[in-house]
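First comes the structure, then the notes that go with it.
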Amino acid sequence: MPDNAQQTTDRAIPADESPTVTRAGYGPAFSPTHPLALAPVGSPPHSVDGFVAAFLAELNTKQGVALSHSSTNAQYLALAGTVRQYLMARWLETSRKTHEAKAKTVGYLSAEYLLGRQLGNALMASDLNEIAEKGLAQCGIDLTTLRNQEVEPGLGNGGLGRLAACFIDSLATMDVPCIGYGIRYEYGIFRQTFVDGRQVEQPDTWLALGSPWEFPHPDESVQVNFGGYTEKSVDADGREKTTWVPSWNVLGVPYNYMVPGYLNGRVNPLRLWSAQATKAFDLSIFNAGDYAEAVRAQTFAENISKVLYPEDSTPQGKELRLQQQYFFVACSLRDFLDHELEEGFDLHDLPSRIIFQLNDTHPVIAVPELMRILMDERGFDWEEAWEVTHQCFAYTCHTLLPEALEVWSTDLLGRLLPRHLEIIYGINDRFLAEVREAFPGDELRAGRMSIITEYPERGVRMAYLATVAATKVNGVAELHSQLLRDKVLPDFSALWPERFTNVTNGVTPRRFLKMANPKLSDVICDAIGSGWVTDLERLKELETYALDDDFLAAFREAKDWNKRRLTTLLRNRDGIDLPDGHLLDVMVKRLHEYKRQTLKLLHVVSLYEQVLSGKLAPADLTPRTVVFGAKAAPGYRMAKDIIHLINRVARTVNADPCLEGRLKVAFPANYNVTLAEKLIPAADLSEQISLAGMEASGTGNMKFALNGALTIGTDDGANVEIRRLVGDEHFFLFGMSEPEVAALGARGYDPGAYYQGNAAIRAAIDLINSGIFSDGDRGMFESVTMSLTHHDRFMALADFESYVAAQARVEERYADQESWTRSAVLNVARSGYFSSDRSMRDYLRRIWHTQPML
Ligand code: F58
């Protein structure tokens, strides 16, 4: 906070300065006479003429321009506004119905939502695609151009954020009441550019050209307090009471986004919070006559929702991050209690109305926050408050990497949230008493299980706090859930075996098949109808078509069309030329050592080396284009060095005439949801090659299989389930299993021995060290090669031989196009399980204990 803000605001916030909380009324949502009100999908306002009229009205009255003078952006905004109108009535009606039914709601608490573009999804969900296309054509406008105008909201880092977006899509489509709660970052995940092959980050100014999908509600703002101290007193009944006297506060302004269900009339809210300075904060400084300081204070408050932390896999112990976490959960809890429940609701019954799902540990501070509200503001005693709190939370863990588990220092927590730290200590004391009762005399165990750690400094282990508080704890794939129980939280699963469960991740078939792959969708619909869009297991019916020549030809034609579409995109977007007729081998995901982009790269370098040294004739190479897409956390040196190396290898390989038409490496910058939607449908081969036991689930792996790519992968994360379902013959398995990895680790892994003992590994690494990719600079990639040969924490060298052998099987199979296509069809047919609709059904049954409204 600003240097002197503490001193200027170090006082309780007077009640009359807090914003008034208005309780929304939930009467009829929309005038029934409004032309767009609740018109059933397909009825008159769903007509081209109606659409054109609404579009022009938007353009003229909201954008203030005539069609003849309108920019593409104005047209895009007007189109978004038009689609919004169609969804609006349904949104308000959904809210009315949900309140009337007093239905139990899922409160999805997530610091990230990687939404992807909204327009296409909104058009699809409201069945407006054709009408919009025709209507715009009448105005001389091309729909695709307007779609491409949208800057995607990149409010997430990777899998965890995209999963949240898939889940809220599925819940809306399944008619389940859900509010997604999160942060409206002013800057989302950075835009990646390459300068001389190195990653350079640019700010993501996704709001710059307007954000037509959001509805700010400053009238429903919420005050969030920080800092200060606590006071103990005794109330009239002789009970001890604690009052938190905060020292500063900010305002959380909600921005609502629509989450439309697919053709079902349901629109759930996604409520993202933006931080602003409160009047109290401002006024005290203004009154002190320091205008500049007041403006600085305002900026300070707004900083809280300014930027998404671009970290992946390792949390940053930054104060601002903890502020973000508390900020959004405090807003969300307050919002639910004050705005979603009817006046006078008895909070003892709260679990009948809400289940908060904690998307990883980022929102776990919600646990002491709910305890605080119930005890300090609503007069509950500890046991009552704990009973309610325990029932209201469930926790999903998304990692196995020890360094990815968040720990907040008690120093920082005590400074920022003194009352919450007290409550955490209270939770820990009672919890450890329970442990001691269950395991008398086992002090070592109590020490291991304590929510408070003493090393390297005193801190709160957020995953432990989440596990103690939650009714259910789940991992995100079978293997991950098992390792979570056995390796990450073994003491907890011994104490509460029934608390642990698995829900394998899924992806929304609407965005990632129907919308991203319209050609394949048509082929599928022609064969089995369109029921699969909301019931993905119906893809099973395609199995019989795997032997139908006409179907195989149509399937291949769709893949070819997707490749042509990608070729055009990459040429225009990145100046990259994709050769025709290549096996398209794709590895797209965050750059992390455990994901092992270096293993893929060593394969490429090894092929090149064999050609250079005459061991392999170029004509014997299967023509292949390897596509990488990956962002590295800006502070992750090794990941950035690997990006640099990939780009340098690409430059050299692509420029070498002896590989012309045989091997190409493409690395388009700024991999994001929008690019994924074009890349994945075009891929032949999906690279899922993490070290077994490291990737919690993966969801890209599911998207590829669903779009008819074959996977080369380790027995890791959800790959295990993908392979089991699609069948061994249709999946290229390689590498050590998780128990083998553990055994090798226990024996002592020596990567140097693999370097010395395997000629191909040695030749590939030596080629990198020769300077061929670095204009003769032999040291440029030393960090990468030294790490591989000396530490290789993720055992890439140990799996190399097996990987190369699996790639040979890939090439052999690819040579038989009919057999390959059959396997691809079977991948699609057997991927129905990986729908996020199925994940949601599992959550509903195993964790949330609620149902669709229907
Ligand atoms: C990912 N985690 C897992 N974390 O790595 C992936 O296996 C899984 O499929 C996915 O979650 C969904 O369950 C992930 O994306 C993050 O991005 C965190 C962001 C905040 C800092 C720590 C990493």
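Order of listing sets the numbers, starting from 1, for every ligand and every atom in it. Please read all numbers here as calculations on a predicted model, not as lab measurements.
Any N or O atom pair closer than 3.5 Å counts here, and E311 shares no such pair with ligand 1. Remark: ligand 1 and N505 share an N or O pair separated by less than 3.5 Å (distance only, no angle test). In terms of polar-atom proximity, defined here as any N/O pair under 3.5 Å, H362 makes no such contact with ligand 1. For ligand 1, the polar-atom distance check against V476 finds no nitrogen or oxygen pair separated by under 3.5 Å. Residue-to-ligand polar distances keep P315 apart from ligand 1: every N/O pair is separated by 3.5 Å or more. Among the atoms of K595, none of the N or O lies under 3.5 angstrom from an N or O of ligand 1.
In summary, the atoms of ligand 1 found under 4.0 Å from a heavy atom of Y594, numbered by their order in the structure, are 5 (O). Taking every heavy atom of G159 and a limit of under 4.0 angstrom, the matching atoms of ligand 1 come to 10 (C), 11 (O), 12 (C), 15 (O). Close approach to E112 involves these atoms of ligand 1, each under 4.0 Å from a residue heavy atom: 19 (C), 20 (C). Those atoms of ligand 1 with a heavy atom of A696 less than 4.0 angstrom away are 7 (O).
Taking only non-hydrogen atoms, the option from R321, H398, E403 nearest to atom 2 (N) of ligand 1 is H398. Remark: among candidates H480, K589, E695, the nearest residue to atom 6 (C) of ligand 1 is E695, based on non-hydrogen atoms.
Only side-chain heavy atoms of L163 come within less than 4.0 Å of ligand 1; its backbone N, CA, C and O stay farther off. No part of F167 comes within 4.0 Å of ligand 1, judged by heavy-atom distances.
Between the N719 side chain and the T714 main chain, a donor and an acceptor come within less than 3.5 Å of each other. With E369 contributing its side chain and V329 its backbone, the two residues share no donor-acceptor pair below 3.5 Å. Although no hydrogens or angles enter the test, the distance criterion places no donor-acceptor pair under 3.5 Å between the side chain of T711 and the main chain of S686.
Inspection of the Y843 and N474 side chains reveals an N or O donor paired with an N or O acceptor under 3.5 Å. No side-chain donor from either of Q688 and E695 sits under 3.5 Å from a side-chain acceptor of the other. A donor-acceptor contact closer than 3.5 angstrom links the side chains of S170 and D837. A donor-acceptor pair shorter than 3.5 Å cannot be found between the side chains of T699 and N505. Side-chain atoms of N359 and T396 form no donor-acceptor pair, as typed in the model, at a separation below 3.5 Å.
Between Y803 and H603, the angle of the ring planes goes over 60°, which puts this pair in the perpendicular group of the 30/60° scheme. Using a 30° and 60° split on the angle between ring planes, F794 and H592 fall in the perpendicular class, above 60°.
Not a single heavy atom of A404 sits less than 4.0 Å from an atom of ligand 1. Remark: distances from the non-hydrogen atoms of R162 to ligand 1 are all 4.0 Å or more.
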